[in-house]
Every structure is written in structure tokens, then in C-alpha cells.
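Quantities reported herein were computed from a predicted structural model and do not represent experimental measurements. All heavy atoms count here, side chains included; hydrogens, waters and symmetry mates do not.
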Amino acid sequence: REKILEIAETINYIPNKMARSLKTNKSKLIGLIVADISNDFYSGMARYIEDEAMKLGYTLLIGSSDENPAKFKKLTELFSEQQVDGMIIAPVMDSDETVQKLINDQFPVVTVDRYLTHTAVAGVRVNNDEVSEEVCRFLAGKKFKEIAYVGYDTRLPHLLDRQQGFEQQSEKEKVQIQKILVGLDNIAGEVHQGLDLYFQNSNNRKAVYFSSNKLAVAGLAYFIQKNIRVPEDVSVIAFDETDAYSLFPVEIDYIQQPL
């Protein structure tokens, strides 16, 4: 054995991982599927997971589903073909069947950031409803009586938790909410339209809760275009951070998701 190792070192031999995996039944690969790798939250998460995986001798394969269930399914099949030892996934809408197949095939899988309502699978996520309740309490404590909630028109459970937590707390605080719910195809345009209505319909002091960093960036661009000052004309809180906030002339209050 020592002679073989000595020769291998002399010729700079690199072990064949696929051949080794046949012997050990482990590929030392982990698949990560996120919604959008360009999003600061997911890119930061991917980097953290990659660093931790490497410490344990694993290589991370990364894919973005782009909120597309067909692409999400294709990525799970691709990672299965690559014989990854497990997958970390951020499920998209209508992906229960795909995830259930992984479970039925006894494939190690963990959800992150999101969860499924009809499929039992281990996962890690933040308490979205409680975070939004706290945001509502904070703004109500600042004597805002009408607050704009900017969110997505979606069926994703974690985003609905975020919205419902804010709505339920607003009833307790006797605060009115103007909901601005947008799709994924024209985020900036729909956010701007919704904010136009919000600022036209009321003379009350303004506050806006953006339920994601992408929505917040769209909203901040609107404020710049309309010469609306933060915090003089409107108070802003955003769920999740992004480096783009540093381009805004004042600091933006945001909820930081733990990694």
C-alpha cells in the first residue's frame, strides 16, 4: 500500500471520484436547489453551505429553479443522475409530487427557507408569521394608522405566513392595511402602480412594509423617482437585506434572515 501511494504521489495521480463512489456508495456530492441564485439571500446561503460542505469533504452542486416547477423537477432528476448523497431544496409552487417522489425513493432531502403543506419533510425556516407580527407592532407603536403591505400574489406557504402574520396583528392593533400584491413577471411596474394608489388615496402618515428585498428595491426606486423622502415622508421596513440598500441615500430598516 505504501509503495502504491508513493508511486501515486510521484505521478500526481488524482483519484477517480466516480470509481470511488462505486466502492463506498457515496459520491460526496450534495445538490442545492434555490429559487434564484442571483438573490442576495440565496447566494449567501449557497456560499455558507458550500463552505461547510467542503469542511466535511463534500462538493456542492447548485441549481436555480426560477420558481418553475418543471425546472425544479428537472434539477432533482439531474442531481439524482449525478448520484448526489442528498439534496437541500427551496420548493416551488406545485412541487409536492416531485418532493414526495424523492422521499418515496428514500432520498435524503431537507427543505430550506420554505416548506410544503401536503408533504412531510424535514426543513429549516424562519418564523415568518411572528416576524411580520413584530413589524406590525413596531409600526403601530409609531402611531401609523394605515400601512401598505407589499407582497406577492402567491400560494407559497412561507410568503402567506408573512402576509397573514401582518394581517392578524393589524386587527389587534386596529391598523388599516393597504395590500399591494404583485406577480413575478413585472415586479417593479406593479409595485409602482400599487404605491401610486397608496400615496394618492390617503393623507395619513405613511409606512410601507416590503415583504422581500426584491420588492423593497422596486419600492425604493419608486421613492427616488417621485422624490419621496425616507423617513421624512414615509417609513420603510423590508424583510431581508440586499447590498442594493447601500445605494439608497439613507439607511433602510430591514429584517435580517439568519444563515
**Q** Would you compute the distance between atom CE of Met93 and atom CZ of Arg155 and round it to the nearest 0.5 angstrom?
**A** 5.0 Å

**Q** Taking all non-hydrogen atoms of both residues, which atom of Thr154 and which atom of Leu160 are closest, and how far apart?
**A** O-CD2, 3.5 Å

**Q** Do Phe138 and Lys142 have side chains that approach each other closer than 4.5 Å (heavy atoms only, starting at C-beta)?
**A** yes

**Q** With side-chain contact (heavy atoms from CB on, under 4.5 Å) as the criterion, how do Ile255 and Asp240 come out once you've worked through the C-alpha distance, each side chain's angles and the decisive distance to 0.1 Å?
**A** CA-CA 5 Å; Ile255 310 298; Asp240 212 2; over 6 Å; no

**Q** Please confirm whether the backbone N or O of Ile37 pairs with a side-chain atom of Ser64, one donor and one acceptor, at under 3.5 Å?
**A** yes

**Q** So, His158 side chain and Asn127 main chain: donor-acceptor pair closer than 3.5 Å or not?
**A** no

**Q** Side-chain heavy atoms under 4.5 angstrom apart, residues restricted to Ile, Leu, Val, Met, Phe, Trp, Tyr: same cluster for Val182 and Val208?
**A** yes

**Q** Do the side chains of Val236 and Asp253 get nearer than 4.5 Å, heavy atoms only?
**A** no

**Q** Heavy atoms only: give me the nearest Lys26-Asp85 pair and the separation to one decimal.
**A** CA-OD1, 3.6 Å

**Q** Rounded to the nearest 0.5 Å, how far does CG of Leu220 lie from CG of Leu215?
**A** 11.0 Å

**Q** Report yes if some heavy atom in the side chain of His192 is under 4.5 Å from a heavy atom in the side chain of Gln225; otherwise report no.
**A** yes

**Q** Quick one: closest heavy-atom pair of Ser65 and Val92, and the distance?
**A** OG-CG1, 3.2 Å

**Q** Taking C-beta and beyond as the side chain, do Ile89 and Val109 meet within less than 4.5 Å on heavy atoms?
**A** yes

**Q** Would you kindly confirm whether Phe210 and Leu156 end up in one hydrophobic cluster when ILVMFWY residues are joined by side chain heavy atoms under 4.5 Å apart?
**A** yes

**Q** Check this for me, if you would: do Lys101 and Asp105 make a salt bridge, where the nitrogen-to-carboxylate-oxygen distance has to be below 4.0 angstrom?
**A** yes

**Q** What distance separates Tyr149 OH from Lys179 NZ, expressed to the nearest 0.5 Å?
**A** 9.5 Å

**Q** Start with the C-alpha distance between Val34 and Phe41, add both sets of side-chain angles, then the distance that settles side-chain contact (heavy atoms from CB on, under 4.5 Å), and finish with yes or no.
**A** CA-CA 10 Å; Val34 298; Phe41 171 67; over 6 Å; no

**Q** Using ring centroids (six-membered ring only for Trp), state whether Tyr245 and Tyr254 fall under 6.0 Å.
**A** yes

**Q** Checking side-chain contact (heavy atoms from CB on, under 4.5 Å) for the pair Ile103/Val99: CA distance, chi angles, key distance, verdict?
**A** CA-CA 6 Å; Ile103 296 171; Val99 177; 4.2 Å; yes

**Q** Ignoring hydrogens and angles, state whether a donor on the side chain of Ser132 or Tyr209 is under 3.5 Å from an acceptor on the partner side chain.
**A** yes

**Q** Using side-chain heavy atoms (C-beta onward) and a distance below 4.5 Å, is Phe239 in contact with Asn128?
**A** yes

**Q** Does Gln163 form a side chain to side chain donor-acceptor pair (under 3.5 Å) with Glu167? I'd like the steps, not just the answer.
**A** CA-CA 6 Å; Gln163 178 181 329; Glu167 290 175 341; 3.0 Å; yes

**Q** Using 4.0 Å as the upper bound for N to carboxylate O, is an ion pair formed by Asp66 and Lys71?
**A** yes

**Q** Side-chain heavy atoms under 4.5 angstrom apart, residues restricted to Ile, Leu, Val, Met, Phe, Trp, Tyr: same cluster for Ile49 and Val124?
**A** no

**Q** Look up atom OG1 in Thr111 and atom CZ in Arg114, then write down how far apart they are to the nearest 0.5 Å.
**A** 10.5 Å

**Q** Look at atom CG of Asp51 and say whether more than 12 heavy atoms of other residues, nucleotides or ligands are closer to it than 6.0 Å.
**A** yes

**Q** Should the pair Tyr222 and Phe199 be assigned to parallel (<30°), tilted (30 to 60°) or perpendicular (>60°) ring geometry?
**A** tilted

**Q** Is the closest basic N to carboxylate O distance between Glu97 and Lys73 below 4.0 Å?
**A** no

**Q** Just wondering, more than 12 heavy atoms not from Arg137 lying within 6.0 Å of its CZ?
**A** yes

**Q** Does Ser27 use its side chain to pair, donor to acceptor, with the backbone of Gln83 at less than 3.5 Å?
**A** yes

**Q** For a 4.5 angstrom cut-off between non-hydrogen side-chain atoms, does Leu61 reach Phe79?
**A** yes

**Q** For the residue pair Tyr42 and Asp113, establish whether any side-chain heavy-atom pair is separated by less than 4.5 Å.
**A** yes

**Q** Please check if the side chain of Ser95 supplies one atom and the backbone of Thr98 the other of a donor-acceptor pair under 3.5 Å.
**A** no

**Q** How close do Val126 and Pro258 get, counting heavy atoms only, and between which atoms?
**A** CG1-CD, 3.7 Å

**Q** As a quick check of understanding, evaluate side-chain contact (heavy atoms from CB on, under 4.5 Å) for Ile33 and Ile88, giving each step before the final call.
**A** CA-CA 6 Å; Ile33 303 176; Ile88 302 170; over 6 Å; no

**Q** Just checking, is any N or O donor in the side chain of Glu173 or Gln169 under 3.5 Å from an acceptor N or O on the other one?
**A** yes

**Q** Please answer whether the main-chain N or O of Glu241 pairs with a side-chain N or O of Asn213 as donor and acceptor at a distance below 3.5 Å.
**A** yes

**Q** Any sub-3.5 Å donor-acceptor pair from Thr119's side-chain atoms to Leu116's backbone N or O?
**A** no

**Q** Hydrophobic clusters here meaning ILVMFWY residues chained together by side-chain heavy-atom distances under 4.5 Å, can you tell me if Phe223 and Ile252 are in one?
**A** yes

**Q** Identify the two heavy atoms, one from Leu197 and one from Gln178, that lie closest to each other, and give their separation to 0.1 Å.
**A** C-NE2, 3.8 Å

**Q** Less than 4.5 Å apart, any side-chain heavy atom of Lys214 and any of Asn39?
**A** yes

**Q** Taking atom types as modelled, find out whether Asn104 and Gln100 have a side-chain donor-acceptor pair closer than 3.5 angstrom.
**A** yes

**Q** Side chains of Tyr152 and Ser211: is there a donor and an acceptor less than 3.5 Å apart?
**A** no

**Q** Same cluster or not: are Leu181 and Leu195 linked, directly or through other Ile, Leu, Val, Met, Phe, Trp or Tyr residues, by side-chain heavy atoms under 4.5 angstrom apart?
**A** no

**Q** Examine Lys28 relative to Tyr58 and say whether NZ or CZ is less than 6.0 Å from the centre of the six-membered ring and inside a 45° cone about the ring axis.
**A** yes

**Q** Kindly check if the number of other-residue, nucleotide or ligand heavy atoms within 6.0 Å of CD (Glu232) is above 12?
**A** yes

**Q** Could you state the interatomic distance from CD (Glu146) to CD (Gln176), rounded to the nearest 0.5 Å?
**A** 5.5 Å

**Q** So, is the end of the Lys206 side chain (NZ or CZ) under 6.0 Å from the ring centre of Tyr198 and within 45° of the ring's axis?
**A** yes

**Q** Can you see which heavy atom on Phe72 is nearest to which on Ala90, and at what distance?
**A** CE1-O, 3.9 Å

**Q** Hey, could you give me the CG/CG distance between Leu159 and Asp153, rounded to the nearest 0.5 Å?
**A** 11.0 Å

